There are 2 protein chains.
Amino acid sequence: MKRSQLEPRKSPRQTRSEAMVEAILEAAVRVLEREGLAAFTATRVAEVAGISVGSLYQYFPNKHALTAALIRREQAALVQAVEAVVSDTKDLSLEAGLSRLAALAVSHQYGRPGLASALDHEERRLPLGKEIEAFRTAIRKAMRGFLDIHQARLPLQDLDSAAADLLIIARAMVEADADRREPAAPGLERRVLRALMGYLLLPTEAFTRSRSSRRFL
Amino acid sequence: MKRSQLEPRKSPRQTRSEAMVEAILEAAVRVLEREGLAAFTATRVAEVAGISVGSLYQYFPNKHALTAALIRREQAALVQAVEAVVSDTKDLSLEAGLSRLAALAVSHQYGRPGLASALDHEERRLPLGKEIEAFRTAIRKAMRGFLDIHQARLPLQDLDSAAADLLIIARAMVEADADRREPAAPGLERRVLRALMGYLLLPTEAFTRSRSSRRFL
DNA sequence: ACCTGAACACCGTTCAAGT
DNA sequence: ACCTGAACACCGTTCAAGT
């Protein structure tokens, strides 16, 4: 699938098109939130947007592109939120910063539960093109920036892998919780924090079969 | 969706049926491994199994049930593998045991990469009935048993949540890696081990805004 | 009794016809 | 020029007809 296949057909300079794309995306969100993934069909989205299917396909080359646009929006919002937290917590302790990040992960998922879950699942299913890959990279970079601030305290060599791992861990724990219950389990945020802190602070010697193995923990 | 909808139609006592179910499942695995999720259609599976679509539907009430049967198999194998590791590592250190569990997570995913990935994705998409939920519970229980052995060393109150979290973390890290590359990243197993160890060993005080915060790490 | 595969319902996508 | 919605291709599922 080529990159162009995932993008809206029309240039955003044309104001009418822009508004139409917007209306379609809003309709899509409505369908996903109110009626679920099963009802998320091209015809239904067009219907809710008040246009014909044919028109929908004038703005999006295929349904995948429509889904990708929704995911792109969510991801863009998340990038900004993560960057904001990193910047806001520059002067706080590692614990405080991670705590804010854990809270962000939870609130991002539970802010719009139906939508977030549906997009999670779609995101996995589809090969998502480079643009969305870029958002992930941006989030990883922001996280890496956070780790750099606390570098002195971290017994880690590969901060890039660490940043990626932390994001995967937080996301998986929150999604697993969201798949089972709503609202969030009371201890969720705390458990996420534990996972992140533990990953970062575990002394390397603690799992390097050495005689000093139990000195730290 | 009722539980009965996810099970094969015929009793396993009828040997011919049993063999047929087996043949269909093998065909399904073949299609998934060799041709991918996109080619995994009822017609294609029937074709590879050498029967008509109609016959396929005599053994499985719907395609979902066929997928569920494959997932059930994988999960059953995984339950046994986890139980075996837990039992084999009864007398070893926490590190050694977790290390074996991390290795199991990686090898389970990479043992049959195409199949495992495809089933991962399907497993998320579908509401999977109680039987598969039971496998997850069994794995969680085995993990809980493992934690009980090392209880004295763990600064944790809720071992059930911990067991569930460890499984989610290991799985998410391995799947994220598998989605991006093949074979596994060289450091993957070690990173999974770090995540598990860190979660378990992090002193509770380390993230409870107390003045003793930095005493341990 | 059991199997077959054309037929049906439904979804993504297109395009001839209408404005 | 732009929109519409019937038509087409394809997939899951069924069932009349064949053995």
Side-chain angles (χ1 to χ4, degrees), chain A residues 1-2 4-11 13-25 27-28 31-32 35-70 118 121-122 125-128, chain B residues 1-2 4-11 13-25 27-28 31-32 35-70 118 121-122 125-128:
Chain A
M1 182 143 314
K2 285 176 299 180
S4 62
Q5 288 282 92
L6 289 176
E7 289 170 355
R9 277 191 200 285
K10 304 215 166 173
S11 144
R13 256 179 251 159
Q14 296 168 33
T15 312
R16 231 176 329 171
S17 297
E18 212 181 335
M20 200 63 243
V21 165
E22 202 49 43
I24 294 169
L25 292 178
V31 172
L32 279 173
E35 306 170 38
L37 253 180
F40 182 55
T41 67
T43 306
R44 181 71 187 129
V45 170
E47 199 174 294
V48 171
I51 59 176
S52 71
V53 227
S55 292
L56 190 157
Y57 278 89
Q58 202 178 349
Y59 296 93
F60 294 92
N62 51 53
K63 196 190 163 193
H64 183 162
L66 174 56
T67 311
L70 294 178
H121 290 104
E122 288 304 280
R125 213 168 43 150
L126 316 168
L128 297 144
Chain B
M1 181 144 313
K2 284 176 298 180
S4 62
Q5 288 281 94
L6 288 176
E7 289 169 355
R9 277 192 200 285
K10 306 215 166 171
S11 146
R13 254 178 255 160
Q14 296 168 32
T15 312
R16 229 175 331 169
S17 296
E18 213 181 334
M20 199 63 243
V21 165
E22 202 49 44
I24 294 169
L25 291 178
V31 172
L32 278 173
E35 306 170 36
L37 252 179
F40 182 55
T41 66
T43 306
R44 182 69 186 131
V45 171
E47 200 175 293
V48 171
I51 59 176
S52 72
V53 227
S55 291
L56 190 157
Y57 278 90
Q58 202 180 349
Y59 296 94
F60 295 92
N62 52 53
K63 196 190 161 192
H64 183 162
L66 173 56
T67 311
L70 294 178
H121 290 105
E122 289 304 281
R125 215 173 36 157
L126 316 169
L128 297 146

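Only a predicted model underlies this, so the values are computations on that prediction, with no experimental measurement involved.
For the pair Val31(B)/Glu47(B), no side-chain contact is recorded, criterion being any heavy-atom separation below 4.5 Å from C-beta on. In this structure, the side chains of Phe60(A) and Val21(A) come closer than 4.5 Å at one or more pairs of heavy atoms. Considering only heavy atoms from C-beta on, Val53(B) stays 4.5 Å or farther from Val45(B) through its side chain. In this structure, the side chains of Arg125(B) and Leu37(A) stay at 4.5 Å or more apart for every pair of heavy atoms. Under the 4.5 Å side-chain criterion, counting only non-hydrogen atoms from C-beta, Leu70(B) is in contact with Leu32(B).
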Paired and unpaired positions of DNA chain D as dot-bracket, Watson-Crick or G-U wobble under 3.5 Å, | denoting a partner strand: ||.|||||...|||||.||

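What separates OH of Tyr59(A) from C1' of dT14(C) is a distance of 17 Å, to the nearest Å. Atom-to-atom, NZ of Lys63(B) to C1' of dT14(D) comes out at 17 Å; the value is rounded to the nearest Å. The CD atom of Gln58(B) sits 5 Å away from the P atom of dC3(C) (whole-angstrom rounding). In this structure, Leu56(A) places its CG atom 15 Å from C1' of dC2(D), rounding to the nearest Å. The CG atom of Leu37(B) sits 14 Å away from the C1' atom of dC11(D) (whole-angstrom rounding). The CG-C1' distance, from Leu66(A) to dT13(C), rounds to 14 Å in whole Å. In this structure, Ile24(A) atom CD1 and dC3(D) atom C1' are separated by 12 Å, rounded to whole Å. Summarising the geometry, the separation between CG on Asn62(B) and C1' on dC8(C) is reported as 17 Å, rounded to the nearest angstrom.
Put simply, CG on Leu25(A) and CE on Met20(A) are 10.0 Å apart, with the number rounded to the nearest 0.5 Å. Atom CG of Leu66(A) and atom NZ of Lys63(A) lie 8.0 Å apart (nearest 0.5 Å).
Regarding contacts with the backbone of dC2(D), every side-chain N or O of Ser55(A) stays at 4.0 angstrom or more from both OP1 and OP2. A sub-4.0 Å separation between OP1 or OP2 of dT14(C) and a side-chain N or O of Tyr57(A) is absent.
Annotation: of the two residues near DNA chain C, Gly50(B) and Val53(A), the 5′-most nearest-nucleotide partner is Gly50(B).
Rounded to whole Å, the P atom of dA7(C) lies 16 Å from the corresponding atom of dC8(D).
Comparing atom distances between the Ile51(A) side chain and each of dT4(D), dC11(C), dT13(C) picks out dT4(D) as nearest. Taking only side-chain atoms of Ala42(B), from C-beta outward, the nucleotide of dG12(C), dT4(C), dG12(D) with the closest atom is dG12(D).
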